[in-house]
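Numbering starts at 1 and runs along the sequence shown. Just so it is clear, the values below take in all heavy atoms, side chains as well, and ignore hydrogens, waters and symmetry mates.
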Amino acid sequence: KRNRMFVLIALLGALMLCVCFETFAMAQDMLGSKSGNDRISVGVVDNDKSPLSDNFKDYLSENLNMDVQTGLSFDEQSRLLINTDISAIIEIPQGFDSEAVGGTVMPLTVTTANDYENTAFIRSYIDIYMQSLSIAVQASEGNGNKLQNILSDIFKTFIGLIVDIFKSRFCDCRIKCRFIYDITVIL
């Protein structure tokens with residue numbers, strides 16, 4: 001009898017959380033907070049200035065709809081980060097493109113503040129890009145033109161698909177409710 005009561009309370013709690021999530025989401029929509037001001041802003045320090053670094057910046061701005069700040073030094077970007085005008089600084093190292101053509105994917109340096117939610121999403125999106133880039137580098141077999149062709153259309157479509165799956169998996173209220181329900185069933 002005690003287990004039944006616990007399960008009932010857990011299910012009611014999960015249902016209440018789902019209702020709260022949905023109500024909060026509807027209130028945000030009605031108040032217009034999805035108007036574009038809630039875009040994540042990131043600073044990019046591009047030390048490579050190559051087609052590959054342009055591809056990465058396009059990925060951030062076009063595929064992820066991030067506000068990308070470029071053309072500023074790391075110190076200037078740091079001031080923006082401290083003032084919370086941006087959520088992260090992403091540094092593209094010099095030789096990023098040439099090393100990729102040679103078969104090595106150089107890591108990007110990400111500097112963040114205490115914005116844990118945006119930091120987690122930014123790092124996840126960068127990981128998706130870097131893993132996909134690694135596959136493209138292997139497929140290009142050291143041919144720079146072949147790498148650019150992969151990056152141009154097919155690669156953007158592939159990354160867009162992965163990002164859409166990621167967004168729907170972790171950003172949809174119904175999925176969160178299902179996750180909460182699944183946890184309560186396990187308990």
Side-chain angles (χ1 to χ4, degrees), residues 33-81 83-172 175:
S33 67
K34 303 273 186 198
S35 63
N37 294 336
D38 56 345
R39 291 174 60 188
I40 296 175
S41 294
V42 295
V44 175
V45 178
D46 187 355
N47 296 317
D48 196 39
K49 295 177 181 43
S50 65
L52 183 55
S53 62
D54 290 340
N55 178 270
F56 177 70
K57 290 183 283 188
D58 289 344
Y59 164 71
L60 294 174
S61 62
E62 293 173 17
N63 290 58
L64 301 178
N65 197 28
M66 289 186 182
D67 181 24
V68 179
Q69 305 288 325
T70 59
L72 300 173
S73 69
F74 184 82
D75 290 337
E76 293 168 320
Q77 298 278 13
S78 295
R79 280 191 283 283
L80 293 174
L81 183 63
N83 293 333
T84 64
D85 293 329
I86 59 175
S87 295
I89 302 170
I90 303 167
E91 293 179 83
I92 301 173
Q94 188 172 7
F96 186 59
D97 186 58
S98 60
E99 290 291 322
V101 171
T104 304
V105 177
M106 296 177 69
L108 301 176
T109 304
V110 181
T111 307
T112 60
N114 292 331
D115 187 2
Y116 299 112
E117 182 178 312
N118 284 343
T119 298
F121 281 112
I122 291 168
R123 289 192 188 276
S124 297
Y125 291 137
I126 290 174
D127 287 346
I128 290 170
Y129 181 87
M130 297 304 283
Q131 289 172 3
S132 301
L133 177 61
S134 179
I135 293 168
V137 164
Q138 290 174 3
S140 70
E141 301 169 337
N143 184 333
N145 291 332
K146 193 173 181 182
L147 179 61
Q148 290 306 316
N149 289 337
I150 292 171
L151 292 175
S152 63
D153 293 323
I154 299 169
F155 189 56
K156 284 184 180 180
T157 304
F158 175 69
I159 288 180
L161 178 63
I162 291 174
V163 167
D164 288 343
I165 291 169
F166 181 81
K167 282 180 181 178
S168 69
R169 177 71 176 112
F170 293 104
C171 298
D172 186 62
I175 299 295

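- Distance check, rounded to the nearest 0.5 Å: CZ of Phe56 to CG of Leu108 gives 5.0 Å.
- The shortest non-hydrogen separation linking Pro107 to Pro93 is O-CG, 3.7 Å.
- With contacts defined as side-chain heavy-atom distances shorter than 4.5 Å, the pair Thr112/Ile122 does not qualify.
- By the neighbour-count criterion of 12 heavy atoms within 6.0 Å, atom CD of Gln94 is sparsely surrounded, having that number or fewer from other residues, nucleotides or ligands.
- Distance check, rounded to the nearest 0.5 Å: OG1 of Thr119 to CD1 of Ile40 gives 9.0 Å.
- Looking at Asn55, its side chain never comes within 3.5 Å of a backbone N or O of Pro51 through a donor-acceptor pair.
- Put simply, the side chain of Ser78 gets close to the backbone of Phe74: a donor and an acceptor are under 3.5 Å apart.
- For the pair Tyr129 (side chain) and Leu60 (backbone), a donor-acceptor distance under 3.5 Å is absent.
- Heavy-atom minimum distance, Val110 versus Ala88: CG1-CB, 4.3 Å.
- Counting only distance, with no hydrogens or angles, the side chain of Gln77 and the backbone of Gln69 share a donor-acceptor pair below 3.5 Å.
- Distance alone, capped at 3.5 Å, places no donor-acceptor pair between the Asp97 side chain and the Asp48 backbone.
- Expressed to the nearest 0.5 Å, how far CG of Leu64 lies from CD1 of Ile128 amounts to 8.0 Å.
- For the atom pair OG of Ser53 and CD of Glu91, the computed distance is 13.5 Å after rounding to the nearest 0.5 Å.
- In this structure, Met106 and Gly95 approach most closely via the heavy-atom pair SD-O, 3.5 Å.
- Distance NZ/Lys57 to CG/Leu52: 10.5 Å, rounded to 0.5 Å.
- Taking both residues in full, the closest heavy atoms of Glu76 and Leu72 are given as OE1-CA, 3.4 Å, listed atom of the first, atom of the second, then distance.
- With rounding to the nearest 0.5 Å, the separation of CD1 in Ile89 from CZ in Arg79 is 10.5 Å.
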